[in-house]
Amino acid sequence: MVGDNFVTRWAMYANTPLDDNVKAQIYPALKSAVSGCGQLEAVNKLLNFVQTGFEYEYDDKVWGGDRAFFAEESLHYPYCDCEDRSILFTHLVRDLLGLRCILIYYPGHLASAVEFTQGVAPGDYIKLGDDKFTIADATYIGAEVGRTMPGMDNEKAKVILLE
């Protein structure tokens with residue numbers, strides 16, 4: 001069920017492919033920006049792009065209630081919040097770098113995490129079986145991969161699997 005279940009709704013938004021026309025407009029520049037970078041550096045560049053390239057505002061103030069965006073909508077509208085940034089960021093990482101991502105739900109906040117295949121990314125992470133996903137918070141401005149926003153508890157967070 002998607003409807004009122006925000007967890008399944010966020011997964012649906014994050015698993016819906018980015019429009020090919022939008023990819024054609026933004027992916028060449030982003031690919032160029034991460035070309036020649038190792039995974040950690042590339043993910044940090046994409047994370048910084050999403051953290052600083054979009055103005056943050058609460059949905060209640062802009063829309064009068066909670067409203068998640070498809071990735072294209074975050075590029076279109078003047079404001080986005082934590083779930084919108086996390087959805088966009090996970091698209092960029094999966095599409096441009098081919099790395100697996102998950103969404104991380106803390107009460108009142110949504111972040112993401114990335115599974116690196118080259119080396120070990122430093123910092124905070126969540127384990128799913130033998131798989132290690134390093135925290136990457138698109139709303140925690142200036143925080144590199146591996147830094148959890150203060151006040152968020154990774155032990156109590158819910159994991160939202162992505163395709």
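Residue numbers count from 1 along this sequence.
In the displayed structure, Glu115 atom CD is contacted under 6.0 Å by more than 12 heavy atoms of other residues, nucleotides or ligands. By the 6.0 Å contact criterion, NZ on Lys156 is open, its count of non-hydrogen atoms from other residues, nucleotides or ligands being 12 or less.
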- request: Decide side-chain contact (heavy atoms from CB on, under 4.5 Å) for Gln39 and Thr117; before the verdict, give the C-alpha distance in whole Å, the side-chain angles of both, and the deciding distance to 0.1 Å.
  value: CA-CA 8 Å; Gln39 287 180 349; Thr117 61; 2.6 Å; yes
field: CA sep, side-chain torsions, deciding dist, call: Arg147, Ile135, side-chain contact (heavy atoms from CB on, under 4.5 Å)
entry: CA-CA 6 Å; Arg147 291 191 54 207; Ile135 302 298; over 6 Å; no
task: Could you go through the side-chain contact (heavy atoms from CB on, under 4.5 Å) check for Leu96 and Tyr27 one step at a time?
output: CA-CA 8 Å; Leu96 297 171; Tyr27 279 15; 3.6 Å; yes
task: Before giving the answer on side-chain contact (heavy atoms from CB on, under 4.5 Å), spell out for Asp131 and Phe133 the whole-Å C-alpha distance, their side-chain angles and the decisive distance to 0.1 Å.
output: CA-CA 7 Å; Asp131 301 329; Phe133 289 83; 3.7 Å; yes
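The hydrophobic cluster containing Val159 does not contain Leu110, counting ILVMFWY residues as joined when their side-chain heavy atoms lie under 4.5 angstrom apart, directly or transitively. Transitive grouping of hydrophobic side chains (ILVMFWY, heavy atoms separated by less than 4.5 Å) brings Leu30 and Val34 into a common cluster. Cluster annotation: Ile87 is not connected to Leu99 through the hydrophobic network of ILVMFWY side chains, with a link wherever side-chain heavy atoms come within less than 4.5 Å. Under a hydrophobic clustering in which Ile, Leu, Val, Met, Phe, Trp and Tyr are joined whenever their side-chain heavy atoms come within less than 4.5 Å, directly or via other members, Tyr106 and Trp10 fall into different clusters. Neither Val93 nor Ile102 shares a network with the other; the hydrophobic side chains, linked directly or stepwise wherever heavy atoms of I, L, V, M, F, W or Y lie under 4.5 Å apart, form separate groups for each.
Note: Lys158 NZ to Leu103 CG = 13.0 Å, rounded to the nearest 0.5 Å. Residue Leu92 holds its CG atom at 10.5 Å from NZ of Lys23, rounded to the nearest 0.5 Å. Note: Tyr13 OH to Thr8 OG1 = 11.0 Å, rounded to the nearest 0.5 Å. Remark: Thr90 OG1 to Leu88 CG distance equals 8.0 Å, nearest 0.5 Å. For the atom pair CG of Leu18 and CD1 of Ile26, the computed distance is 5.5 Å after rounding to the nearest 0.5 Å. Distance check, rounded to the nearest 0.5 Å: CE of Met152 to NE2 of His109 gives 5.5 Å.
A cation-pi contact links Lys132 to Tyr125, judged by a cut-off of 6.0 Å to the six-membered ring centre and 45° from its axis.
Of the possible donor and acceptor atoms, one in the side chain of His91 sits under 3.5 Å from a partner among the backbone N and O of Ala14. A donor-acceptor contact shorter than 3.5 Å is absent between the side chain of Ser74 and the backbone of Arg85.
For the pair Met12 and Thr16, the tightest heavy-atom approach, listed with the atom from each and the gap, is O-OG1, 2.7 Å. The two residues Ala24 and Pro28 come nearest to each other via the heavy atoms O-CD, 3.4 Å. For the pair Leu162 and Cys101, the tightest heavy-atom approach, listed with the atom from each and the gap, is CB-O, 3.6 Å. Shortest non-hydrogen contact noted between Pro17 and Glu72 is O-OE2, 3.9 Å. Scanning all heavy atoms of the two residues, the minimum distance from Ala111 to Ser86 falls at CA-OG, 3.4 Å.
Counting heavy atoms from C-beta on, the side chains of Asp95 and Lys31 never come closer than 4.5 Å. With a 4.5 Å cut-off on side-chain heavy atoms, Thr134 and Val114 do not count as touching.
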Report all side-chain donor-acceptor pairs from residues 43-51 shorter than 3.5 Å, counting only partners two or more places apart or in another chain.
from  : atom 1 : to     : atom 2 : distance (Å)
Asn44 : OD1    : Val145 : N      : 2.8
Asn44 : ND2    : Leu40  : O      : 3.4
Lys45 : NZ     : Ala33  : O      : 3.1
Gln51 : OE1    : Gly142 : N      : 3.3
Gln51 : NE2    : Asp137 : O      : 3.0
Gln51 : NE2    : Tyr140 : O      : 2.8
Gln51 : NE2    : Ala143 : O      : 2.9

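In this structure Asp19 satisfies the side-chain hydrogen bond (donor to acceptor under 3.5 Å, both in side chains) test with no other residue, sequence neighbours excluded.
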